[in-house]
Amino acid sequence: MDSEIIEPRGTLPSRPVFFFDIDNCLYPRSSKVHDMMAKLIDEYFEKHLGLSEEDAIRLHSEYYRNYGLAIEGLVRHHQIDPLEYNSQVDDALPLEGVIKPNPELRKMLEDIDKSKVKLWLLTNAYVNHARRVIKLLQVEDLFEGLTYCNYSEIPFLCKPQPAMFAKAMREAGVERPEDCYFVDDSYANCAAAQKLGWTTAHLVEEGVPVPETQASNFQIRHLEELRIAFPHLFKPSS
């Protein structure tokens, strides 16, 4: 996937699709990108809503819990410009000093048989952030497209809304839920995808508590375990 033609395309040949989440999935949660982002979001709440640190953290958590994205709560209830928010939060993250190329990740993605399945990105981030991350990981050429949360379109569509998964299928050119494979670190996202009929693997990174009830049929600790979960999608030699 060339970085200049990453925009979604809707008229592609029918082929099963393997959807990959990006944040805390293609790179580990232990990189602390999520923590850095949470701090910037809390600071944004404090500055733009005039809240104390404690109230900012509480409202951020409430909006994330209710809507899946803090920014959706800001737009719904405070008329915040989402692109201006994005410039001060996602785009302000110092990713260049944190996210590095991962040869093991690249090798695993290269070993997937592209004649059997199409690789596609599915993220709740805005397109700028998604592009930055996959470029830093040096895997942007391995994916055929990207479905992202478009902050310029209100109301937002984001995981785990069923409409977001439908949008991803439409943009990736796949019609049947049984032709969709998915990996994500979010319990809610994996449970929603599984309910829709997608074959789903919930990534629960080492050090993260294992849920009492699995979100989906497959639960893995590392992306390398996708080779075991979905062996039929990988090249025989791998």
Side-chain angles (χ1 to χ4, degrees), residues 18-42 56-73 89-90 93-95 97-109 112 119-125 129-130 132-134 136-137 139 143 147-149 158-161 164-165 168 180-196 198-231 233:
F18 201 153
F19 294 94
F20 281 76
D21 178 41
I22 297 179
D23 292 302
N24 293 337
C25 188
L26 293 185
Y27 63 82
R29 180 181 295 270
S30 56
S31 65
K32 303 296 184 181
V33 171
H34 178 80
D35 294 347
M36 291 189 295
M37 183 178 293
K39 184 174 186 297
L40 288 176
I41 294 173
D42 291 339
I57 293 172
R58 178 190 57 77
L59 192 60
H60 170 193
S61 177
E62 178 183 322
Y63 286 167
Y64 183 82
R65 185 172 59 252
N66 291 344
Y67 305 119
L69 284 175
I71 187 176
E72 182 163 356
V89 178
D90 290 34
L93 288 167
L95 299 180
V98 178
I99 297 177
K100 307 291 185 183
N102 183 341
E104 186 180 64
L105 170 66
R106 184 173 180 87
K107 179 66 166 58
M108 186 275 294
L109 294 172
I112 295 175
L119 299 188
W120 201 271
L121 295 159
L122 175 55
T123 178
N124 276 352
H129 176 78
R132 286 179 70 200
V133 172
I134 60 172
L136 289 169
L137 289 170
V139 295
F143 291 91
T147 296
Y148 58 91
C149 181
C158 64
K159 299 174 291 184
Q161 298 172 29
M164 183 62 163
F165 293 102
C180 297
Y181 297 84
F182 180 51
V183 60
D184 197 308
D185 69 292
S186 163
Y187 186 101
N189 294 346
C190 289
Q194 182 81 24
K195 186 176 180 181
L196 291 170
W198 289 24
T199 303
T200 304
H202 181 205
L203 175 61
V204 183
E205 188 177 319
E206 291 287 349
V208 175
V210 174
E212 291 185 10
T213 304
Q214 286 193 186
S216 55
N217 286 345
F218 298 93
Q219 182 172 283
I220 60 176
R221 282 296 204 179
H222 193 282
L223 288 181
E224 278 293 312
E225 294 176 38
L226 292 174
R227 299 178 186 272
I228 301 171
F230 310 130
L233 300 182

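Scope of the values below: all heavy atoms of this structure, side chains included, with no hydrogens, waters or symmetry mates.
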| request: For the residue pair Arg106 and Pro101, establish whether any side-chain heavy-atom pair is separated by less than 4.5 Å. | output: no
| said: Using modelled atom types and a 3.5 Å cut-off, is there a donor and acceptor pairing between side-chain atoms of Arg29 and backbone atoms of Gly207? | reply: no
| message | Measuring from atom CG of Asp21 to atom CG of Asn189, what distance do you get when rounded to the nearest 0.5 angstrom? | response | 7.0 Å
| request: Indicate the atoms forming the closest heavy-atom contact of Cys180 with Phe19, along with that distance. | output: SG-CE1, 3.9 Å
| message | Contact between Leu69 and Cys149 at the side-chain level, heavy atoms closer than 4.5 Å - yes or no? | response | yes
| request: List the atom of Val98, the atom of Ser31, and the distance in Å for their closest heavy-atom pair. | output: CG1-O, 3.5 Å
| query | Would you say the side chain of Arg221 lies within less than 4.5 Å of the side chain of Val210, judging by non-hydrogen atoms? | reply | yes
| Trace of the side-chain contact (heavy atoms from CB on, under 4.5 Å) decision for Val183 with Ile220 | CA-CA 9 Å; Val183 60; Ile220 60 176; 4.1 Å; yes
| Residue pair Phe20 / Val139, side-chain heavy-atom distance below 4.5 Å | no
| Derivation and outcome, side-chain contact (heavy atoms from CB on, under 4.5 Å), residues Tyr27 and Asn102 | CA-CA 8 Å; Tyr27 63 82; Asn102 183 341; over 6 Å; no
| field | Distance, nearest 0.5 Å, that separates CG of Leu95 from CZ of Arg132 | value | 4.0 Å
| Check: Lys159 side chain, Ser186 main-chain N or O, donor-acceptor pair, under 3.5 Å | no
| said: With heavy-atom distances below 4.5 Å as the criterion, would you say the side chains of Met37 and His129 are in contact? | reply: yes
| task | Say whether, by atom type as modelled, one donor and one acceptor occur between the side chain of Thr200 and the main chain of Trp198 under 3.5 angstrom. | result | yes
| Does the pair Phe218 and Leu226 meet the rule for a side-chain contact (heavy atoms from CB on, under 4.5 Å), with working shown? | CA-CA 9 Å; Phe218 298 93; Leu226 292 174; over 6 Å; no
| said: Under the side-chain contact (heavy atoms from CB on, under 4.5 Å) test against Leu137, which residue among Ile22, Leu109, Leu26 passes? | reply: Leu26
| query | Under 6.0 Å from the OH atom of Tyr187, do we count more than 12 heavy atoms belonging to anything else shown? | reply | yes
| query | Distance from Arg227 atom CZ to His222 atom NE2, nearest 0.5 Å? | reply | 10.5 Å
| field | Flag side-chain contact, heavy atom, 4.5 Å: Thr123 against Val133 | value | no
| task | Describe, in one word, how the ring planes of Tyr67 and Tyr63 are oriented to each other, choosing from parallel (under 30°), tilted (30 to 60°) and perpendicular (over 60°). | result | tilted
| field | Atom pair CG (Asp42) and CZ (Arg58), whose distance is rounded to the nearest 0.5 Å | value | 12.0 Å
| message | Once rounded to the nearest 0.5 Å, what's the spacing between atom CG of Asn217 and atom NE2 of His202? | response | 13.5 Å
| query | What is the ring orientation for Phe18 with Tyr181, classed by angle as parallel under 30°, tilted 30 to 60°, or perpendicular over 60°? | reply | tilted
| query | What pair of heavy atoms forms the shortest contact from Glu72 to Cys158, and how long is it? | reply | OE1-SG, 4.1 Å
| request: For residues Ser30 and Glu205, report the shortest heavy-atom separation together with the two atoms involved. | output: N-OE2, 3.3 Å
| Taking C-beta and beyond as the side chain, do Leu223 and Cys25 meet within less than 4.5 Å on heavy atoms? | yes
| said: I need the Ile57 CD1 to Glu62 CD distance, nearest 0.5 Å. | reply: 14.0 Å
| query | With side chains defined as the heavy atoms from C-beta onward, is the minimum distance between Asn124 and Met164 less than 4.5 Å? | reply | yes
